[in-house]
Every structure is written in C-alpha cells, then in structure tokens.
Amino acid sequence: MATPVQNLPRVLDAGPGRVTTRVQVAPGERVFPGHYPGFPIFPGVCVVEHVHLSALAAPPEPGLVLRLAAIESTRFLSPVFPGDELDIELTWERREEGWRCKGVARTGRGRAAAVRLRFTERSEG
C-alpha cells in the first residue's frame with residue numbers, strides 16, 4: 001500500500017473500543033518543500049492518513065481486516081510542523097454499515113485535528 005507519509009504510527013495503548021498511537025512527523029517528509037516553502041506545515045491530508053493508518057494498525061476486533069469506505073468529516077484545529085510528535089486517540093463504534101472511527105490528533109501544543117472515518121469489513125485474499 002502506497003502512503004503519502006514517511007513514518008508509520010505505533011500503537012501505545014489499545015482497549016475495548018479505543019486506541020492510542022503516536023507518530024513522529026519527520027522533518028524530511030517529501031511534502032514539506034512544497035507545503036509551504038520557508039514555512040513548512042504538514043498537510044491536513046497527511047494528518048488524516050495517519051489517523052487512517054492508526055485505525056488499520058489497531059482494528060476494533062482482533063483479526064478484523066478493514067477497508068476505508070469514507071472520510072465522513074475532518075476539522076483542522078492547529079498546524080502540525082516538522083518534528084512534531086502526533087498522538088492519535090481513536091474510538092470505535094459498530095455501525096450497521098460497518099465501523100465508525102473517531103480520531104483526535106494532538107501535538108504538544110494541543111488538538112491539531114478531529115477526523116471521523118467509516119470502514120467496512122473485508123475478507124482477506
């Protein structure tokens with residue numbers, strides 16, 4: 001799977017219906033030279049991708065294979081800069097059409113984004 005981000009999140013804690021991950025935003029990310037020259041900011045789409053990758057790393061049930069069906073909502077609250085640690089807290093909710101994942105991404109300065117994703121289950125193979 002190709003991803004626009006350099007580092008992958010690591011799971012710090014997981015429990016029933018909730019997950020916490022962390023990822024270091026590498027200063028050498030390919031997106032920084034163009035976003036924005038002289039004042040690099042991690043693009044919102046990359047923050048959403050880290051929420052997505054966090055969800056795939058720790059699904060709500062062991063062995064569950066998920067497929068992203070929709071980005072239901074995003075709200076960007078503060079910038080993410082090169083070198084920031086991004087902590088992502090996920091909560092899972094079973095829905096009729098699959099799973100809803102609510103993610104809050106934070107840096108040391110506070111909340112950076114709130115993201116709501118919808119996943120469907122898929123069989124492997």
Within a strict 4.5 Å, meaning less than it, do heavy atoms of the [X] and [Y] side chains meet?
X	Y	value
Asp13	Val19	no
Val115	Lys102	no
Leu90	Val51	yes
Val11	Thr20	no
Thr120	Glu97	no

Could you give the distance from [atom1] ([X]) to [atom2] ([Y]), rounded to the nearest 0.5 Å?
X	Y	atom1	atom2	result
Phe119	Leu64	CZ	CG	10.0 Å
Leu66	Glu61	CG	CD	9.0 Å
His52	Leu117	NE2	CG	7.5 Å
Arg18	Cys101	CZ	SG	13.5 Å
Asp87	Thr107	CG	OG1	9.0 Å
Glu93	Arg100	CD	CZ	6.0 Å

Can you name the closest pair of heavy atoms from Gln24 and Gly83 and give their distance? NE2-O, 2.5 Å

Ignoring hydrogens, what is the shortest heavy-atom contact between Phe32 and Pro27? Give both atom names and the distance. CD1-O, 3.5 Å

Sequence neighbours left out, what passes salt bridge (charged side-chain N to carboxylate O under 4.0 Å, His left out) with [X]? Give chain and number order.
X	answer
Arg67	none
Arg75	none
Arg106	Glu89
Arg109	Asp84

Once ring pair (Phe, Tyr, Trp, His ring centres under 6.0 Å) is applied, do any residues pair with Trp99, and if so which ones, sequence neighbours excluded? none

Hydrophobic cluster of Phe81, others only, ordered by chain and residue number, side-chain cut-off 4.5 Å: Tyr36, Phe39, Ile41

Strictly distance-based, threshold 3.5 Å: is any side-chain N or O of Glu29 a donor or acceptor partner for the main-chain N or O of Gln6? yes

Hphob cluster co-occupancy, [X] + [Y], side-chain heavy atoms under 4.5 angstrom:
X	Y	result
Leu77	Ile88	no
Val45	Leu56	no
Val104	Ile71	no

Steps toward side chain to side chain contact (heavy atoms under 4.5 Å, CB included) verdict (Thr21, Leu12): CA-CA 5 Å; Thr21 67; Leu12 299 179; 5.8 Å; no

When you look at Glu72 and Arg118, which way does the side chain to side chain contact (heavy atoms under 4.5 Å, CB included) test go after all the steps? CA-CA 7 Å; Glu72 293 184 341; Arg118 188 179 52 201; 3.5 Å; yes

For Val31 and Cys46: C-alpha separation, side-chain torsions, deciding distance, then whether side chain to side chain contact (heavy atoms under 4.5 Å, CB included) applies. CA-CA 9 Å; Val31 297; Cys46 294; 4.1 Å; yes

